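The structure appears right after this line, and notes come after that.
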There are 4 protein chains.
Amino acid sequence: MTEEVTPRGRGRPRDEDTRARILSAALQILEDQSFATATTDAIAEKAGASKATIYRWWPNKSAVMVEALREAVAQELPFPDTGSLGEDIRLQLRNFIRLLTGRRGRIFKAFVAAAQNDSEVSDAFRSVWVRPRRMAAKAGLERHRGVTLRNEIDLELLMDILYGPLYYRLLVGHAPLTEKYVDTLAELVLRSITKEA
Amino acid sequence: MTEEVTPRGRGRPRDEDTRARILSAALQILEDQSFATATTDAIAEKAGASKATIYRWWPNKSAVMVEALREAVAQELPFPDTGSLGEDIRLQLRNFIRLLTGRRGRIFKAFVAAAQNDSEVSDAFRSVWVRPRRMAAKAGLERHRGVTLRNEIDLELLMDILYGPLYYRLLVGHAPLTEKYVDTLAELVLRSITKEA
Amino acid sequence: MTEEVTPRGRGRPRDEDTRARILSAALQILEDQSFATATTDAIAEKAGASKATIYRWWPNKSAVMVEALREAVAQELPFPDTGSLGEDIRLQLRNFIRLLTGRRGRIFKAFVAAAQNDSEVSDAFRSVWVRPRRMAAKAGLERHRGVTLRNEIDLELLMDILYGPLYYRLLVGHAPLTEKYVDTLAELVLRSITKEA
Amino acid sequence: MTEEVTPRGRGRPRDEDTRARILSAALQILEDQSFATATTDAIAEKAGASKATIYRWWPNKSAVMVEALREAVAQELPFPDTGSLGEDIRLQLRNFIRLLTGRRGRIFKAFVAAAQNDSEVSDAFRSVWVRPRRMAAKAGLERHRGVTLRNEIDLELLMDILYGPLYYRLLVGHAPLTEKYVDTLAELVLRSITKEA
DNA sequence: ATCTAATCGAGACGGTACGTCGAGTCTTCCC
DNA sequence: GGGAAGACTCGACGTACCGTCTCGATTAGAT
């Protein structure tokens, strides 16, 4: 996306390696520590870059984080396609909690937290992470509509019912995110969305 | 905790009015403005108190907020009891989104945000707000078990399915929280939890 | 000057010791090193104070320096009164070069330098140092007017002729400031300002 | 120094026009604006050159400034020769204050300032500007020695008495540099250096 | 007519100081 | 002894300038 032609302006080109190191450092600090510990100085030092370079390319700390998230997101799993609605959902939810309970989980918590105080982060989080994921997931589910998935089901609502509980547990932390939990969740939800034979 | 009887030491007793003004100021700033403006200085000024007084009675800013939340929570609505499972759920969800979309909504966002970086806030938020609410709601739903509610339904999971989507929309903000939305949500969930006639 | 009554406002009073330590640290750094090395961080550290405290009381680094100068100035020698015009001048000039060639000399160089780029420093330097010194010196010389000092001599000009060469050598550094030099200077100037017997 | 013959290496030769534009830009910025705005970036931009070019030919900013000064100096007035000691002095001082009070005055202030923190600038300022001027002036005055100028007068001291007050007023700014002022100054000094008839 | 070496403009980069702001602590006086 | 006022330390923030660096484009002398 975005052409990538860039007619090669005159000066010294941006050092892509530095950019990568900054984003990687940002992610790592987010993973290892809290959002609060992730100072720009710390990122700069870990990346072997200077603070000035960071602020040349990103308007503030949040923007760096958002871009770091974008990088990380690129590696994530696609929506599964097993042919079975139930299996698709179960797999997708399992993949998701594996992500959330792993080191990356901290990142999501941090982002949702930051988004509450900063509408730029909020917008970015939605457009970079939430929306693409939901689109992919919806496309995957759409394949089942009319087959095993009831015609009248609103996929937006379905997304919320599937992912809402996971975000809820992640952020509020009143109970753990286990495979067993998502399986039960999937089972319950399936009950209300599948066509009766 | 609490009672404390206060053996009435020598000096001037704690000024309860000051305490109330501080908590009220904290809440109001959270409601009216951003979390960023909710500095301890701002709270102290709005309350006509001094920062020292705040830190005499609470260990840090989060603790003040948590206690403010506790005060606010005391006024909230009890779980409805209409006799109908569906009606109970619908009403409860409607009450909840009315709360979230009102001025108090900002408070919840702020708390979930703060909870991600501060386990004390996290614990407090759960024990002061989440757990009591869930207990009450579960008790309300329990009344319908075996009647219209299927026996094998795990109420913990049911809570997550009902509230998770609302928290999700509140925190991620990808779509608005409307009455129509919660009605559809309730309808879908009911489908999978009600006893077949 | 400036009343000094200060009806003792309510809060914690300014820590005069900290103020003194900051000014002393500023002076010392100026003496030991260059104006450039005198970073606010360095001053703060040496003073055992925090940068915030410095910026609470002074708008910028220059202002700290100016006040430091004011403190230092308070200790300087008064204009001598020997009864002899020539002796008064010689003594005063000798005192002055002793100051300039001592550790304090760097401070003056630094101030004149800073004054060229900053009109606040310039104003302050004049009002805190130059003007009081000139006033005192003029008062001292005025005692001789009509006695050994010719009536028509403009004391402003005389001040410039006496001190200008010293500032000149201090700042340009084309030749050293020695006692012999000021004695010769005094002798030459005296020739043109004394009443012929 | 210099000739250098330049064995005419292979590559593209240095662009003399660029060099001139850089020096001119440096001077102009010093004249028009403050020393603070005379950043290397500003010079480069005004000269239509690049920072790299500046640093290829000069080791640092001060060196550029010094060379710019050298260029500017080349255009200055020679010492007058009217035949009269008093007239020579008066004219020379008038020329000098015309220079100092004109746009070039800022340059001198800037240089004396810079010289206090940088011995290279200090050395350069003396060798490029101060010494040649003093040499010329001394040669001019020497012509009068034994005629109207007293034999025993030390010309170094005389230079200081004539120029010191002007530098003093320029740098400290406690009073303006006017023609009337230099005339009075000249008159007073003449009194002590002329042979009694 | 190439090839080659040095120059130039543009502008990214690391480093270092600046001046600001919020959290949490401490000190004084008043009640 | 409690409380208001407010000074204090600590540490992160985002900005600016210096001097270095890497590009691609020029410009000549050497081949």
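All values below come from the heavy atoms of this structure, side chains included, with hydrogens, waters and symmetry mates left out. Please read these numbers as outputs of a predicted model, since none were measured by experiment.
Applying the side chain to side chain donor-acceptor pair (under 3.5 Å) rule to T37(A) yields the partners S34(A); only residues at least two apart in sequence or on another chain are considered. Residues passing the salt bridge (charged side-chain N to carboxylate O under 4.0 Å, His left out) test with E120(D): none are found, sequence neighbours excluded. Residues that satisfy the side chain to side chain donor-acceptor pair (under 3.5 Å) test with R106(D), not counting sequence neighbours, are absent from this structure. By the ring-ring contact (aromatic ring centres under 6.0 Å, His included) test, F108(A) is found to be paired with W129(A), residues two or more places apart in sequence or in another chain being considered.
Going from atom CD of E45(D) over to atom C1' of dA10(E) covers 12 Å, rounded to whole Å. As rounded to whole Å, 16 Å separates atom P of dT22(F) from atom CD of E16(A). W57(A) has its CH2 atom 12 Å from the P atom of dG14(E), to the nearest Å. We find that CD1 of I43(C) is positioned 13 Å from C1' of dG19(E), with the value rounded to whole Å. Whole-Å rounding puts the R14(C) CZ to dC29(E) P distance at 17 Å. Following rounding to the nearest Å, I54(C) (CD1) and dC10(F) (P) show an atom-to-atom distance of 12 Å. Separating the CG atom of D17(C) from the P atom of dC8(F) is a distance of 10 Å, rounded to the nearest angstrom. Taking atom CG on D15(A) and atom P on dG11(E), their separation rounds to 17 Å, with Å as the unit.
Expressed to the nearest 0.5 Å, how far CD1 of I43(A) lies from CZ of R21(A) amounts to 13.5 Å. From I22(B), atom CD1 reaches atom CD1 of I54(B) across 5.0 Å, with rounding to the nearest 0.5 Å.
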With the sugar-phosphate defined as primed atoms, P, OP1 and OP2, and the base as all remaining atoms, what B/S/- string results for nucleotides 20-25 of chain E, 5' to 3', for protein heavy atoms under 4.0 Å?
BBSSBB

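For the pair I22(A) and A47(D), nearest-nucleotide mapping onto DNA chain E gives the more 5' position to A47(D).
Among dT28(E), dG9(E), dA4(F), the nucleotide with an atom closest to any side-chain atom of A49(D) is dG9(E).
For the pair T53(C) and dA7(F), the criterion of a side-chain N or O lying under 4.0 Å from OP1 or OP2 is not met. OP1 or OP2 of dA12(E) lies within a sub-4.0 Å distance of a side-chain N or O belonging to R56(A). S50(B) has no side-chain polar atom (N or O) that falls below the 4.0 Å cut-off from OP1 or OP2 of dG3(F).
Counting only residues at least two apart or on different chains, the salt bridge (charged side-chain N to carboxylate O under 4.0 Å, His left out) pairs with a member in residues 47-65 of chain D are D41(D)-K51(D).
Residue R19(B) is classed as having no contact, given no heavy-atom separation below 4.0 Å to the nucleic acid.
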